[in-house]
Amino acid sequence: MKNTSRMLDIINRSLIGPVVDEEDINNKHVTEGIYRVVKEYEIKGDNEKIINMDDGLSDRVWAAAIDFLASCGVYSQSTGRVILHSKLE
């Protein structure tokens, strides 16, 4: 029952979320959001190492991903709306 109510909540958010043009979400929200979190969380890759062994970097990438998702949301192509989530969700 809990999963069903969660799914219904997400469907509802896809119907009432802010209307955003798909090109605008891709060119503005996503691009600017990625630049922001990369800078804010000091995410830098090491081209000499294929596998990351830096736990601090892994933690920062995870935190940046949650921040990015909470600030940009998820675009629903079906409805042309953004599904927003909080950082706690």
Side-chain angles (χ1 to χ4, degrees):
M1 184 67 140
K2 183 178 180 183
N3 291 335
T4 303
S5 65
R6 180 71 180 136
M7 183 59 111
L8 291 173
D9 178 48
I10 292 171
I11 292 169
N12 186 51
R13 290 179 194 204
S14 76
L15 298 172
I16 64 170
V19 176
V20 180
D21 182 63
E22 185 173 6
E23 191 172 312
D24 188 40
I25 193 98
N26 289 333
N27 294 337
K28 185 177 180 185
H29 296 270
V30 172
T31 304
E32 290 177 5
I34 290 172
Y35 283 125
R36 180 185 61 79
V37 296
V38 165
K39 183 177 180 180
E40 184 177 325
Y41 289 89
E42 299 176 4
I43 298 171
K44 295 181 175 116
D46 183 352
N47 293 335
E48 299 296 318
K49 298 177 185 173
I50 296 173
I51 299 172
N52 173 48
M53 300 300 286
D54 180 356
D55 289 340
L57 176 60
S58 297
D59 291 341
R60 291 193 312 276
V61 167
W62 180 257
I66 291 172
D67 185 348
F68 174 77
L69 181 63
S71 65
C72 290
V74 177
Y75 182 73
S76 170
Q77 289 181 318
S78 300
T79 63
R81 295 176 180 269
V82 177
I83 302 167
L84 297 173
H85 297 277
S86 71
K87 288 184 181 182
L88 297 176
E89 291 177 291

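FYI, the numbering just counts along the sequence from 1.
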To the nearest 0.5 Å, tell me how far [X] [atom1] sits from [Y] [atom2].
X	Y	atom1	atom2	answer
Arg13	Ile16	CZ	CD1	8.0 Å
Ile11	Thr79	CD1	OG1	11.0 Å
Asn27	Glu22	CG	CD	10.0 Å
Ile66	His85	CD1	NE2	12.5 Å
Leu69	Glu89	CG	CD	9.5 Å
Leu8	Asn3	CG	CG	11.0 Å

Does any part of the side chain of [Y], heavy atoms only, come nearer than 4.5 Å to the side chain of [X], both counted from C-beta?
X	Y	result
Leu84	Pro18	yes
Asn26	Glu23	no
Arg81	Ile83	no

Considering all heavy atoms of both residues, which atom of [X] and which atom of [Y] are nearest to each other, and what is their separation?
X	Y	result
Asn52	Ser58	ND2-OG, 2.8 Å
Ser86	Ala70	C-CB, 4.2 Å
Tyr75	Val82	CD1-CG2, 4.3 Å

Honestly curious: do Val74 and Val20 fall in one hydrophobic cluster under the side-chain, below-4.5 Å linking rule?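 Different clusters.
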Cluster link Met7 to Leu15, ILVMFWY, side chain under 4.5 Å: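 Both belong to a single hydrophobic cluster.
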Please, which pairs that meet side-chain hydrogen bond (donor to acceptor under 3.5 Å, both in side chains) have at least one residue in residues 59-72, sequence neighbours excluded?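 Residue pairs with at least one partner in residues 59-72: Arg36-Asp67, Arg36-Ser71, Tyr41-Asp67.
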Would you please test Ile43 and Leu57 for side-chain contact (heavy atoms from CB on, under 4.5 Å) and show each step? CA-CA 7 Å; Ile43 298 171; Leu57 176 60; 4.1 Å; yes
